[in-house]
There are 2 protein chains.
Amino acid sequence: MQVAVMLQTARPCQDFATPQPRTVLLDVKRVQVTCQTCKLQNLCLSEGLDAEAKSHIDELVTARIRLRKGDTLFRTGIPFTSLYAIRSGSCKTVSLSENGHDQVAGYHMPGEIIGTDGVGTDAHACQAVALEDTEVCVLPFERLAALSRQNRQVQHNLHRLLSREIARERVLMLLLGTMHAEQRLAVFLLDLSQRYQVLGYSSCEFVLRMTREEIGSYLGLTLETVSRVFSRFQREGLVQVQGRVVKLLDRASVKRLVDSSD
Amino acid sequence: MQVAVMLQTARPCQDFATPQPRTVLLDVKRVQVTCQTCKLQNLCLSEGLDAEAKSHIDELVTARIRLRKGDTLFRTGIPFTSLYAIRSGSCKTVSLSENGHDQVAGYHMPGEIIGTDGVGTDAHACQAVALEDTEVCVLPFERLAALSRQNRQVQHNLHRLLSREIARERVLMLLLGTMHAEQRLAVFLLDLSQRYQVLGYSSCEFVLRMTREEIGSYLGLTLETVSRVFSRFQREGLVQVQGRVVKLLDRASVKRLVDSSD
DNA sequence: CGACTAGTTGAGGCCAGTCAATGTTGGTGG
DNA sequence: CCACCAACATTGACTGGCCTCAACTAGTCG
């Protein structure tokens with residue numbers, strides 16, 4: 001519900017997006033939607049801040065970027081300057097290893113902030129790619145750091161942001177290190193469900209923005225295994241899958257899969 | 001070399017350690033070794049700081065804790081109050097999942113700072129256990145945060161500390177998600193080798209502080225597989241293994257294993 | 001329409017897990 | 001000092017889950 005509103009208030013900016021180059025910086029004066037009116041404000045850096053601190057965060061957002069599906073927001077090795085808050089759409093982050101392997105490290109939805117891998121270093125350590133048409137707010141990190149020196153609440157939220165990323169990756173490590181294919185996909189689906197719910201969407205029916213291959217990469221599986229497990233879940237009545245549309249039919253059983261110790 | 005010196009300067013504190021309780025807080029006045037004289041200073045939070053900032057960090061360390069092998073520094077769910085810098089010895093951090101599985105999330109050596117999983121939250125998200133007799137410096141986080149509000153350099157180092165943890169976990173995710181048993185152990189050995197070298201130890205010969213089971217848990221393998229791969233590496237002349245003593249004989253071949261794309 | 005991408009399904013093989021037996025090490029008490 | 005025990009480690013036989021390779025279908029776009 002609230003997200004639908006947000007999408008509409010964001011619409012006017014669309015006019016300023018030009019096809020070439022694909023990433024377009026918008027002047028702050030043109031931006032009609034502020035953090036104050038953004039329905040996602042409580043999901044990201046502003047959570048729990050008082051009005052004054054919120055307005056400071058607001059001033060921080062000097063630009064927004066519109067991405068088309070497939071566009072790269074930042075790539076491995078480019079200088080780190082900003083964090084990015086997703087306003088609408090979704091992104092994946094991809095880690096690259098020296099031996100040519102890559103892996104989807106995260107799947108990010110509105111209200112989430114990405115780019116934390118570059119904090120405190122000179123360059124981004126991964127790549128961020130839009131999975132659909134996506135709009136992000138640019139948070140220049142130097143200014144955010146300055147603000148967090150002035151305001152304890154902002155500092156605390158920044159710390160929490162970074163530690164949440166650490167905690168998120170811990171969960172993934174546990175998944176990759178100890179879980180079977182069925183459990184991995186079950187965790188994936190429950191996680192998505194819960195996050196869609198937070199955004200005000202249905203927690204039972206949603207559309208995947210990733211391909212089977214991307215899901216597989218994220219979960220440490222091949223695309224064939226992902227497909228097979230989806231089919232198995234469907235056969236057993238746990239979910240209904242039609243391409244990228246997923247309906248969670250029996251959440252309890254899916255949870256039980258995750259909780260079982262082997 | 002330098003670590004040996006550090007171990008000796010740390011010795012006098014031993015007198016204050018009593019068997020019960022196993023974790024003993026030392027009054028700052030009793031602590032004879034300051035960060036200023038600590039040979040590890042450039043490895044942790046003080047890296048690159050000017051003299052003034054360093055002395056601030058120094059004042060931060062109000063206590064040290066001595067741990068016996070097997071002692072727990074903090075456990076999942078206890079309130080987060082401090083970060084801990086390892087002065088000597090080593091620790092593992094362990095993630096616990098709801099389904100009873102646990103996993104070694106990290107292996108930490110002198111100069112490293114642990115506890116970052118609790119930053120910005122109320123409680124620690126994992127458990128830290130000493131793998132041998134270990135001494136850590138307590139860094140009260142509230143005071144560190146206050147210091148980082150006053151001093152940009154300190155703030156930067158704190159940010160870098162957190163983002164390094166994020167980056168470290170990304171590497172592990174890549175390992176767990178895309179690599180074979182041989183590659184995982186190869187990465188593990190090269191990582192250890194490199195970190196021992198930084199500490200001034202031999203990069204070719206070192207003693208593992210973890211059991212096969214702990215290594216397996218860390219790498220997402222069973223203890224039997226770890227043992228078998230060690231044996232295979234030995235048979236092929238890559239390393240010489242005798243229990244926990246490891247000699248890297250053919251580093252180039254070990255590297256080649258990691259770099260090969262499958 | 002053909003070319004392309006995404007997804008499903010099957011056959012077969014291999015890597016790593018499981019189970020089990022045995023060897024090795026280190027600490028403890030008589 | 002040695003016997004004993006528990007924890008750690010090694011090795012083998014077997015199994016099975018997931019990967020690989022491949023064929024086929026459905027949907028999309030120029």
Side-chain angles (χ1 to χ4, degrees), chain A residues 68-70 92 101 103-104 129 131-133 175-189 207-236 239-247 257 260-262, chain B residues 19 68-70 92 101 103-104 129-133 175-189 207-236 239-247 257 260-262:
Chain A
R68 302 278 185 91
K69 181 178 177 177
K92 64 173 176 179
H101 275 144
Q103 184 182 31
V104 173
V129 179
L131 293 168
E132 58 192 309
D133 287 5
L175 178 142
L176 293 168
T178 70
M179 290 189 185
H180 292 226
E182 290 195 348
Q183 295 180 302
R184 297 186 194 191
L185 199 63
V187 169
F188 177 70
L189 292 175
V207 178
L208 303 171
R209 297 298 176 182
M210 302 166 95
T211 65
R212 300 288 188 263
E213 185 172 17
E214 285 165 334
I215 296 170
S217 169
Y218 184 53
L219 300 177
L221 302 168
T222 58
L223 67 99
E224 293 96 331
T225 299
V226 172
S227 178
R228 269 186 259 269
V229 175
F230 266 132
S231 300
R232 206 180 309 160
F233 280 180
Q234 175 145 262
R235 227 176 298 131
E236 291 165 358
V239 300
Q240 186 181 314
V241 193
Q242 195 149 38
R244 302 204 181 172
V245 182
V246 176
K247 236 185 256 186
L257 263 180
S260 68
S261 62
D262 55 17
Chain B
R68 301 278 184 91
K69 180 178 177 178
K92 64 173 176 179
H101 275 144
Q103 184 182 32
V104 174
V129 178
L131 293 168
E132 59 192 308
D133 287 5
L175 177 143
L176 292 169
T178 70
M179 291 189 184
H180 292 232
E182 290 196 347
Q183 295 180 304
R184 297 185 193 192
L185 199 63
V187 169
F188 177 71
L189 291 175
V207 177
L208 303 172
R209 297 298 177 182
M210 302 167 96
T211 65
R212 300 289 189 261
E213 186 172 17
E214 286 164 335
I215 296 170
S217 169
Y218 184 54
L219 300 178
L221 303 169
T222 59
L223 67 99
E224 292 96 331
T225 300
V226 172
S227 180
R228 268 188 260 269
V229 174
F230 266 131
S231 300
R232 205 180 308 160
F233 280 0
Q234 175 147 260
R235 225 175 301 129
E236 290 164 358
V239 300
Q240 185 180 316
V241 192
Q242 194 150 38
R244 303 206 182 171
V245 183
V246 175
K247 237 185 254 186
L257 262 180
S260 70
S261 61
D262 56 18

Check: Is there a donor-acceptor contact under 3.5 Å from the side chain of B:R184 to the main chain of B:L176?
Finding: yes
Notebook entry, point to check: Between the base of D:dG17 and the side chain of A:R228, is there any donor-acceptor pair under 3.5 Å?
Noted result: no
Next item on the list: Look at the side chain of B:E224 against the base of C:dC19 and say whether a donor-acceptor pair falls under 3.5 Å; ignore hydrogens and angles.
Entry: yes
Notebook entry, point to check: Do any side-chain nitrogens or oxygens of B:H180 fall under 4.0 Å of OP1 or OP2 in C:dA16?
Noted result: yes
Check: Given side chains that start at C-beta, do those of B:F188 and B:V229 come closer than 4.5 Å, heavy atoms only?
Finding: no
Margin query: Does a side-chain N or O of A:R212 approach OP1 or OP2 of C:dT8 to a distance below 4.0 Å, or not?
Written below: yes
Notebook entry, point to check: Starting at CD1 of A:I215 and ending at P of C:dT8, how long is that distance when rounded to a whole Å?
Noted result: 9 Å
Next item on the list: Would you tell me if any nitrogen or oxygen in the side chain of B:S231 comes within less than 4.0 Å of OP1 or OP2 on D:dT11?
Entry: yes
Check: When all nucleic acid strands are considered with a 4.0 Å heavy-atom cut-off, which category describes B:G216: base, sugar-phosphate, or nothing?
Finding: nothing
Margin query: If the cut-off is 4.0 Å, is B:T222 near the phosphate of C:dG17, judged by side-chain N/O to OP1 or OP2?
Written below: yes
Check: Rounded to the nearest Å, what distance is computed from the NE2 atom of residue A:H101 to the P atom of nucleotide D:dC19?
Finding: 12 Å
Notebook entry, point to check: Closer than 4.0 Å, any side-chain N/O of A:T225 to the OP1 or OP2 of D:dC19?
Noted result: yes
Notebook entry, point to check: Rounded to whole angstroms, how far apart are CE on A:M179 and C1' on D:dG17?
Noted result: 17 Å
Check: Using a cut-off of 4.0 Å on non-hydrogen atoms, how would the nucleic acid contact of B:L221 be classed: base, sugar-phosphate, or nothing?
Finding: sugar-phosphate
Note to self: What is the separation between atom CG on B:L257 and atom C1' on C:dC15, rounded to the nearest whole Å?
What the structure shows: 15 Å
Next item on the list: State, to 0.1 Å, how close B:Q183 and B:S260 come at their nearest heavy-atom pair, and which atoms those are.
Entry: NE2-O, 3.0 Å
Next item on the list: Could you state the atom-to-atom distance from CD of A:Q234 to P of C:dG7 in whole Å?
Entry: 15 Å
Notebook entry, point to check: Can you tell me how far C1' of D:dT20 sits from CG of A:L223, to the nearest Å?
Noted result: 11 Å
Checklist line | Any donor-acceptor N/O pair, B:S217 side chain to B:E213 backbone, under 3.5 Å | finding: no
Check: So does B:R244 get a side-chain nitrogen or oxygen closer than 4.0 Å to the phosphate oxygens (OP1/OP2) of D:dA9?
Finding: yes
Notebook entry, point to check: Whole-Å distance between D:dT11 C1' and B:R232 CZ?
Noted result: 13 Å
Notebook entry, point to check: Within this structure, what is the CD-to-P distance between B:E214 and D:dC8, rounded to whole angstrom?
Noted result: 8 Å
Next item on the list: Apply the salt bridge (Lys or Arg N to Asp or Glu O under 4.0 Å) test between A:E132 and each candidate in A:K69, A:R209, A:R244; give the one that qualifies.
Entry: A:R209
